[in-house]
Each structure stands twice: as structure tokens, then as C-alpha cells.
Amino acid sequence: MKEELTEIRKKLSKVLKKERFEHTIGVMYTAASLAMRYGADMEQALTAGLLHDCGKFCSAKDQLKLCEKKGIELTESERAMPALIHAKLGAYLARHEYGIKDEAVLNAITYHTTGRPDMTMLEKIVYIADYIEPNRKEIPGLAEVRRLAFADIDEAVCRSAGATTRYLESGGKAVDPMTIRTYNFYKKEG
Ligand code: FE
Ligand code: FE
């Protein structure tokens with residue numbers, strides 16, 4: 001692995017909780033496997049996978065404070081759903097603290113939680129890797145999304161956005177409009 005990635009990995013192992021770090025490594029290698037499958041750039045996949053949750057180094061409350069301090073603009077739904085904030089904050093930190101200049105990697109971090117319509121292959125890879133990585137708790141339908149991820153990634157994105165929406169709705173939680181847009185886009189595609 002490139003020196004730069006090893007350095008980032010070392011840094012993350014210090015700032016992330018153990019479980020979060022294990023998840024991060026799972027996403028990194030799952031993203032790399034998907035890059036192999038779909039002919040995407042391996043290094044971009046590894047980098048985005050490794051950094052996708054770097055914004056989760058502190059509580060959601062502190063993430064919000066940090067966004068305010070750094071002048072990171074948040075949407076209405078991000079303010080209402082603090083679990084979303086780490087994605088945008090993560091992209092900011094990836095750029096300013098971890099030295100990532102590749103906009104494609106930064107976008108994959110920004111959209112890893114909600115997805116977006118018409119994602120790049122790298123964005124889809126990180127979105128799905130986050131959902132299927134081996135440390136994820138088994139939930140109904142996960143085995144099928146894992147299989148689909150390597151067979152038809154758009155269908156896997158659709159299933160995962162649909163499952164996320166249903167999960168949040170059944171828990172009485174708000175769903176980010178972007179997640180719904182992602183679902184509708186990939187539903188039409190499929
Ligand atoms: Fe995340
Ligand atoms: Fe994650």
C-alpha cells in the first residue's frame with residue numbers, strides 16, 4: 001500500500017474508536033474488491049474507503065460545532081439529522097487534515113451516506129462498500145445486497161437506499177431527501 005495511505009491509516013487508528021476503525025478497514029478493502037470487479041481505480045477506492053468516516057472522530061454534537069467553526073454549510077435536513085453531518089465534515093477533513101486533493105475521492109466521501117442520483121462508479125463503490133463490509137451486522141436482505149454488489153451495482157444501490165429508507169421510516173425517523181432521490185433514480189434505472 002502507498003506510504004500516504006499507511007500514514008492516514010495510522011492517524012485514523014488513533015482518532016477513531018476501535019469498532020469504527022475496524023469498520024473503516026472493512027470498507028477500504030471491500031471498496032478495493034469492488035474496484036477490481038468494475039475496473040475502477042484501486043487507489044481512489046482504497047483512499048475514499050479509508051477516509052469515508054473520518055468525520056466520526058467525535059460526537060455528532062461536536063461534529064456540528066466543528067462545522068460551524070469551519071464555516072461548513074449544512075442543509076436543513078443535515079441539521080435535523082446529525083447522523084448525516086460526518087459525511088460533509090469528513091470530506092472537509094480529508095481535504096484539509098489528510099491532504100486529499102482528488103475531487104472524485106472527496107465526492108465519494110461526501111455522498112457515502114445518502115448517495116445521490118447518477119453517481120460515479122467510485123461513489124457507488126464507496127456507498128455500497130459501507131453497507132456490505134464484513135463487519136456489518138446481519139440484517140434481512142444484506143446477503144442479497146452483498147451478492148448483487150458484485151453482480152449489478154446499480155441494483156445493489158437501489159436495494160440499499162430502499163432498505164435504509166424503510167428502516168428509518170419504521171423507526172419513526174426522518175429520511176434525508178437525497179436518500180429518497182437516490183432510491184428513485186436507481187429504481188428507474190433498474
Ligand atoms: Fe458514514
Ligand atoms: Fe461507514
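Order of appearance sets the numbers: ligands from 1, and atoms from 1 within every ligand. As the structure is a computational prediction, the values presented were derived from the model and not from experiment. These values consider heavy atoms only, across backbone and side chains, with no hydrogens, waters or symmetry-generated copies.
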### Message
If you consider just the N/O/S atoms, which atom of His86 is the closest one to the Fe ion (ligand 1)?
### Response
NE2

### Query
Does a salt bridge link Glu19 with Lys17, judged by any charged N lying under 4.0 Å from a carboxylate O?
no

### Message
Check Arg159 with Glu155, please: is the shortest side-chain N to carboxylate O separation under 4.0 Å?
### Response
yes

### Query
So what does the His52 NE2 - the Fe ion (ligand 2) - Asp130 OD1 angle come to, to 10°?
90°

### Task
Compute both the distance and the angle, then confirm whether Arg116 meets the cation-pi test with Tyr111: under 6.0 Å from the six-membered ring centre, within 45 degrees of the axis.
yes

#### Entry: the Fe ion (ligand 2): angle it makes with NE2 (His23) and OD2 (Asp53), nearest 10 degrees
90°

### Message
Whether Lys70 engages the ring of Tyr92 as a cation-pi pair (distance to the six-membered ring centre under 6.0 angstrom, angle to the ring normal within 45°) should be assessed.
### Response
no

